[in-house]
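Just below is one structure, and these are the notes that go with it.
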Amino acid sequence: MSEKINGSEALMKGLIAEGVDRVFGYPGGAIMPVYDKLYSYSDRILHVLTRHEQGAIHAAQGYARVSGKVGVVIVTSGPAATNVITGLSDALMDSTPLVVITGQVGSALLGSDAFQETDVVGITQPITKWAYQIRRPEDVAYALARAFYIARTGRPGPVVLDFTKDAQTGFTDWNYKRCDFIRSYIPVPELRQDDLLTVANLINASERPMILSGQGVMISGAEKELAAVAEKCDIPVAATLLGLSTMPSDHPLYKGMLGMHGNIGPNVNTNRADLLIAVGMRFDDRVTGDTSKYAPQAKIVHIDIDASEFNKNIRTDARIHGDAKEALTALLPLLKERKHTEWLASFEEPERVEAERCMKRELYPQDCGDAMRMGEVAMKVAEATGNRAILVTDVGQNQMMSARYFRYTDPKSIITSGGLGTMGFGLPAAIGAKMGAPERTVCFFTGDGGLQMTMQELGTIMEYGTAVKIILCNNNFLGNVRQWQALFFGGRFSQTPMVNPDFVMICKAYGIPAENVERRDQLDGAIGRMLASEGSYLINVNIDEKDMVFPMTVAGRPVDEILLNPDEYYPLNK
């Protein structure tokens, strides 16, 4: 005889059946029956109470991307549901698996503009893989099983379950079965042998191939397979922002980051290559620049699990529709061993110019007095961790500089908001990342603008003792906007200077050790104290307000038209 339980308990039992042991959230009226039942399951499901619903969903994103599990969020209706909208959009663009459970008014009140009623399904359908309203307790098991299956399979992404209050309190027979099939939904397509042969022939015939590694490599766990293909065929590898750490930074075939603030070598050689092999990436505009002038001489191969990405931004000559790990594994025996000595040597000149014209100025500055540059701070922190930390960033100059100058040894070592570029993402995401990988050091780089968008999550750190190392790159400006204003808007700094609080005093109010780093000679000691601290720690670093991120490919310009500084382009005689 089946067990009779209410919808709230069915949710708890379903979460446990899906292997969930941690959720992030914030209680409220329309979800109160779920939280009441959660009280009885607190020994099996840890609830992390964030200080804002946006903090909950960003924390779940950080947790999911580091742990490889589905992040779970529970919030109430109305404003709570709308507060997770930014995180849902962010998760969809960055392929992060989430199940977000929102409370909803009783089904009899739907459409009546009841207190805190919002059309959650209507709002979230465009920014989720699936959005569904649970109106009956007997539908809980069905909806939850489908939600986890959809969120974690294929190209991962967020799912929303809008849970009416009467469905939470009504009773049903308990019978849960994990979902492994949905008609018409094929998350991992079968590889086509003719596609594999076509791609292999293109690679075998190429003289100047380059692999573009995206986050899809990381999601599928294909880092070893990526390296195996690159090493067998002697192919240089460049990574998108979210693809960083899919190959170790010190690998001889790794040539750096693609995109607007990527390395000169891979950006220039994008337009010199005769074959681009894109794996698990979507040809974002920050990577391609002017698409009409993107790799005009190259054939383009695209390997992706999401067929909607094929030919969306860049026309391809061949494609493999499938999981990156499976595709690279099947491709490897079809490839010939090759050497591309001359092609690999072509990266040396742009690397030399970048080191001399950009990195020297950033890493060993001579012109900013006591104030520091973000690049030198990022490099020193990375070195002090043995290049094994997880980097979490906010958005802006701090994001680009830390991504550029961190070094990556292990996979899944960068968590950042790529597609949506969400300021305020970083602090809660760092909390979630540390909870998802408690054995690893988590270094969170942020600017003074982004930190203040979700700074209330210092309270979450205080409550749970989450050991996040916070590096605040403080230039008293919205730095990235300031850079564009300086370069393209005549130096008119409209609404970018910031009057900031005493961040050290704020941290101390939350019981978090913190210190100001005013001068360069204080930096090493502060980093050492931060990393030696058992818990969280903040260093508030005095950053030169004129610091800019170079090299830079200007938006809408060809990817090989690269600014080295405000007055100089690569190549130098241009």
Side-chain angles (χ1 to χ4, degrees), residues 1-20 23-42 44-45 47 53 56-57 60 70-85 88 98-125 127-151 158-179 182:
M1 185 174 179
S2 61
E3 182 183 4
K4 210 80 160 168
I5 60 175
N6 69 17
S8 295
E9 186 163 13
L11 177 65
M12 295 300 112
K13 287 180 172 288
L15 291 175
I16 291 168
E18 294 291 343
V20 174
V23 300
F24 301 83
Y26 205 96
I31 198 69
M32 208 173 292
V34 166
Y35 272 86
D36 182 64
K37 190 56 65 176
L38 179 63
Y39 189 85
S40 302
Y41 282 81
S42 58
R44 302 187 66 181
I45 300 175
H47 181 277
E53 292 91 356
I57 194 165
V70 176
V72 179
V73 179
I74 304 176
V75 298
T76 193
S77 63
T82 58
N83 280 343
V84 301
I85 297 300
L88 288 170
L98 300 178
V99 170
V100 178
I101 298 144
T102 61
Q104 185 55 276
V105 301
S107 56
L109 293 174
L110 290 171
S112 70
D113 289 335
F115 178 66
Q116 292 192 333
E117 181 193 359
T118 302
D119 182 5
V120 174
V121 172
I123 292 171
T124 61
Q125 274 184 332
I127 52 171
T128 57
K129 286 186 74 176
W130 187 49
Y132 181 79
Q133 189 170 76
I134 303 173
R135 299 186 183 186
R136 306 184 309 160
E138 52 265 42
D139 293 337
V140 173
Y142 157 84
L144 194 65
R146 284 171 68 97
F148 274 88
Y149 180 63
I150 292 169
V159 170
V160 165
L161 296 178
D162 192 41
F163 200 1
T164 64
K165 202 165 184 178
D166 51 325
Q168 297 172 40
T169 56
F171 282 82
T172 182
D173 293 326
W174 170 245
N175 182 19
Y176 194 84
K177 181 181 179 183
R178 292 187 67 172
C179 180
I182 297 175

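Taken from CG in Leu144 to CG in Asp139, the straight-line distance is 12.0 Å, to the nearest 0.5 Å. The distance from atom CD1 of Ile5 to atom CE of Met12, rounded to the nearest 0.5 Å, is 10.5 Å. Atom CE of Met32 is separated from atom CG of Leu38 by 13.0 Å, given to the nearest 0.5 angstrom. The distance from the CG atom of Asp166 to the CZ atom of Arg136 is 11.5 Å, given to the nearest 0.5 Å. From Gln168, atom CD reaches atom CG of Asp36 across 10.5 Å, with rounding to the nearest 0.5 Å. Atoms OH and CD1, from Tyr26 and Ile74 in turn, are 15.0 Å apart once rounded to the nearest 0.5 Å.
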Inset, instruction - Apply the test side chain to side chain contact (heavy atoms under 4.5 Å, CB included) to residues Val100 and Leu161: give CA-CA distance (whole Å), side-chain angles for both, the deciding distance (0.1 Å), then the verdict. - result: CA-CA 6 Å; Val100 178; Leu161 296 178; over 6 Å; no

Legend entry - CA sep, side-chain torsions, deciding dist, call: Phe148, Val72, side chain to side chain contact (heavy atoms under 4.5 Å, CB included): CA-CA 10 Å; Phe148 274 88; Val72 179; 3.8 Å; yes

Legend entry - Derivation of the side chain to side chain contact (heavy atoms under 4.5 Å, CB included) call for Glu138 and Asp173: CA-CA 7 Å; Glu138 52 265 42; Asp173 293 326; over 6 Å; no

Inset, instruction - Applying ring pair (Phe, Tyr, Trp, His ring centres under 6.0 Å), run through Phe24 and His47 and close with a yes or a no. - result: CA-CA 6 Å; Phe24 301 83; His47 181 277; 8.4 Å; no

Inset, instruction - Would you sort out whether Tyr41 and Leu15 count as a side chain to side chain contact (heavy atoms under 4.5 Å, CB included), showing the intermediate values? - result: CA-CA 11 Å; Tyr41 282 81; Leu15 291 175; over 6 Å; no

Inset, instruction - Applying side chain to side chain donor-acceptor pair (under 3.5 Å), run through Tyr176 and Glu18 and close with a yes or a no. - result: CA-CA 10 Å; Tyr176 194 84; Glu18 294 291 343; 2.7 Å; yes

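Between Ile101 and Leu11, the shortest heavy-atom contact is CD1-CD1, 3.8 Å. When all heavy atoms are compared, the tightest approach of Val99 to Ala151 is CG2-CB, 4.2 Å. Closest non-hydrogen pair, Thr102 versus Ala81, comes out as CG2-CB, 4.1 Å. Considering every non-hydrogen atom in both Ala30 and Val105, the closest pair reads CB-N, 4.4 Å. Minimum interatomic distance between Trp174 and Ala141 (heavy atoms only, all atoms of both residues): CZ3-CB, 4.4 Å. The minimum heavy-atom distance between Gln116 and Gln104, with the atom names listed, is O-OE1, 4.4 Å.
Side-chain contact between Lys37 and Asn6 is present, with heavy atoms from C-beta onward closer than 4.5 Å. A 4.5 Å side-chain heavy-atom check between Thr128 and Val159 finds every atom pair outside the cut-off. The closest side-chain heavy-atom distance from Val23 to Ile45 is below 4.5 Å. Between Glu117 and Ser112 the shortest side-chain heavy-atom distance falls below 4.5 Å. Here the side chains of Thr82 and Thr118 are in contact, with some heavy-atom distance below 4.5 Å. Looking at heavy atoms from C-beta onward, Ile57 lies in side-chain contact with Leu98 at the 4.5 angstrom threshold. Using a 4.5 Å heavy-atom cutoff, the side chains of Ile150 and Ile182 are in contact. Using a 4.5 Å cut-off on side-chain heavy atoms (C-beta onward), Ile31 and Val75 make no contact.
Other residues, nucleotides and ligands contribute over 12 non-hydrogen atoms within 6.0 Å of the CZ atom of Arg178.
The closest side-chain donor-acceptor pair between Tyr132 and Gln125, if any, does not fall under 3.5 angstrom.
A side-chain donor-acceptor contact under 3.5 Å links Thr164 to the backbone of Ile134.
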